[in-house]
Participant: 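So that we are looking at the same thing, I have put the structure below in C-alpha coordinates.
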Amino acid sequence: RCDSETRSDFMVPDDLDGELFEFGAVRAKKNVKKAKKKKESHSQVQDLLLLDVTPLTLSIEDSSQMSIPIIPRNTTIPTRKTLDCVTAYDYQTTVKVALYEGERTRVED
(Lines give C-alpha, C1' and ligand atoms only; values in the text may rest on other atoms or scores of the structure.)
Protein backbone atom coordinates (compact mmCIF):
# COMPACT_ATOMS: atom_id res chain seq x y z
CA ARG A 1 0.00 0.00 0.00
CA CYS A 2 1.38 3.38 -0.98
CA ASP A 3 1.55 6.29 1.40
CA SER A 4 -0.59 9.39 0.77
CA GLU A 5 2.26 11.32 -0.86
CA THR A 6 2.81 8.58 -3.43
CA ARG A 7 -0.92 8.24 -4.10
CA SER A 8 -1.26 11.98 -4.68
CA ASP A 9 1.41 11.69 -7.38
CA PHE A 10 -0.95 9.39 -9.27
CA MET A 11 -4.12 11.39 -8.58
CA VAL A 12 -5.63 8.63 -6.45
CA PRO A 13 -7.66 10.01 -3.50
CA ASP A 14 -6.92 8.95 0.07
CA ASP A 15 -10.56 8.09 0.85
CA LEU A 16 -11.17 5.28 -1.62
CA ASP A 17 -13.44 3.16 0.59
CA GLY A 18 -12.14 0.15 -1.30
CA GLU A 19 -13.58 1.24 -4.65
CA LEU A 20 -12.29 3.12 -7.66
CA PHE A 21 -14.45 4.38 -10.45
CA GLU A 22 -13.41 3.12 -13.86
CA PHE A 23 -12.12 6.48 -15.08
CA GLY A 24 -10.05 7.01 -11.93
CA ALA A 25 -8.61 3.50 -12.14
CA VAL A 26 -7.61 3.96 -15.77
CA ARG A 27 -5.98 7.30 -15.01
CA ALA A 28 -4.14 5.90 -11.99
CA LYS A 29 -2.92 2.91 -14.01
CA LYS A 30 -1.62 5.17 -16.78
CA ASN A 31 0.22 7.34 -14.26
CA VAL A 32 1.73 4.32 -12.51
CA LYS A 33 2.98 3.00 -15.86
CA LYS A 34 4.59 6.38 -16.61
CA ALA A 35 6.24 6.45 -13.20
CA LYS A 36 7.57 2.90 -13.59
CA LYS A 37 9.30 3.91 -16.82
CA LYS A 38 11.15 6.67 -14.96
CA LYS A 39 14.06 5.29 -12.99
CA GLU A 40 13.98 8.14 -10.44
CA SER A 41 10.42 7.40 -9.26
CA HIS A 42 9.50 6.13 -5.79
CA SER A 43 10.79 2.68 -4.88
CA GLN A 44 7.23 1.72 -3.88
CA VAL A 45 6.11 2.38 -7.45
CA GLN A 46 8.81 0.17 -8.92
CA ASP A 47 7.51 -2.71 -6.78
CA LEU A 48 3.87 -2.34 -7.94
CA LEU A 49 2.40 -5.07 -10.11
CA LEU A 50 -0.48 -3.95 -12.34
CA LEU A 51 -3.05 -6.55 -13.37
CA ASP A 52 -5.81 -6.26 -15.96
CA VAL A 53 -9.03 -7.87 -14.76
CA THR A 54 -12.54 -8.39 -16.09
CA PRO A 55 -14.77 -5.70 -14.56
CA LEU A 56 -17.93 -7.82 -14.82
CA THR A 57 -18.81 -11.52 -15.00
CA LEU A 58 -18.89 -12.98 -18.52
CA SER A 59 -21.80 -15.40 -18.99
CA ILE A 60 -23.60 -17.33 -21.70
CA GLU A 61 -27.34 -17.80 -22.10
CA ASP A 62 -28.86 -21.26 -21.70
CA SER A 63 -32.11 -22.52 -23.25
CA SER A 64 -34.20 -21.27 -20.30
CA GLN A 65 -32.82 -17.71 -20.66
CA MET A 66 -30.74 -18.08 -17.52
CA SER A 67 -27.20 -16.76 -17.32
CA ILE A 68 -24.42 -19.34 -16.87
CA PRO A 69 -21.29 -17.60 -15.47
CA ILE A 70 -18.13 -18.60 -17.31
CA ILE A 71 -15.55 -16.01 -16.20
CA PRO A 72 -16.20 -14.36 -12.81
CA ARG A 73 -15.54 -10.65 -12.36
CA ASN A 74 -12.05 -9.62 -11.23
CA THR A 75 -10.47 -12.54 -13.10
CA THR A 76 -7.05 -11.59 -14.43
CA ILE A 77 -6.71 -11.16 -18.19
CA PRO A 78 -5.74 -13.11 -20.24
CA THR A 79 -7.59 -16.17 -19.03
CA ARG A 80 -8.97 -19.37 -20.46
CA LYS A 81 -12.10 -21.15 -19.26
CA THR A 82 -13.89 -24.14 -20.71
CA LEU A 83 -17.43 -25.39 -20.30
CA ASP A 84 -18.85 -28.65 -21.57
CA CYS A 85 -22.39 -28.23 -22.88
CA VAL A 86 -24.92 -30.48 -24.54
CA THR A 87 -27.27 -29.56 -27.36
CA ALA A 88 -30.99 -29.08 -26.82
CA TYR A 89 -31.97 -31.65 -29.47
CA ASP A 90 -30.51 -34.90 -30.78
CA TYR A 91 -28.40 -34.58 -33.96
CA GLN A 92 -28.16 -30.81 -33.60
CA THR A 93 -25.18 -29.59 -35.64
CA THR A 94 -25.00 -25.87 -34.78
CA VAL A 95 -25.36 -23.80 -31.64
CA LYS A 96 -25.83 -20.04 -31.25
CA VAL A 97 -23.81 -18.77 -28.29
CA ALA A 98 -24.71 -15.39 -26.80
CA LEU A 99 -22.10 -13.87 -24.47
CA TYR A 100 -23.29 -11.44 -21.79
CA GLU A 101 -21.48 -9.17 -19.38
CA GLY A 102 -22.96 -8.48 -15.95
CA GLU A 103 -24.03 -9.91 -12.62
CA ARG A 104 -27.69 -10.74 -13.30
CA THR A 105 -28.97 -14.32 -13.17
CA ARG A 106 -31.60 -13.85 -15.90
CA VAL A 107 -30.56 -12.71 -19.36
CA GLU A 108 -33.65 -10.55 -19.97
CA ASP A 109 -32.99 -8.43 -16.84
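Note: hydrogens, waters and symmetry copies are ignored here, and every other heavy atom, side chains too, is used.
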Participant: Is it true that Ile68 and Val95 fall in one hydrophobic cluster, defined by side-chain heavy atoms closer than 4.5 Å?
Facilitator: yes

Participant: Counting N and O atoms only, with roles assigned by atom type, does the side chain of Gln65 sit under 3.5 Å from a partner on the main chain of Arg106, one being a donor and the other an acceptor?
Facilitator: no

Participant: Under 3.5 Å, side chain of Thr54 to main-chain N/O of Pro72, donor-acceptor pair present?
Facilitator: yes

Participant: Check whether Val53 and Ile71 end up in the same hydrophobic cluster, where Ile, Leu, Val, Met, Phe, Trp and Tyr are linked by side-chain heavy atoms less than 4.5 Å apart.
Facilitator: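 No, Val53 and Ile71 fall in different hydrophobic clusters.
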
Participant: Taking all non-hydrogen atoms of both residues into account, name the closest pair between Gly102 and Leu56 and its distance.
Facilitator: N-CB, 3.9 Å

Participant: With hydrophobic residues grouped by side-chain heavy-atom distances under 4.5 Å, do Leu83 and Val86 end up in a single group?
Facilitator: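 Not linked; separate clusters.
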
Participant: Got a second to check how far Leu58's CG is from Tyr100's OH, nearest 0.5 Å?
Facilitator: 13.0 Å

Participant: Between Ser59 and Pro69, what is the shortest heavy-atom contact and its length?
Facilitator: OG-CA, 3.6 Å

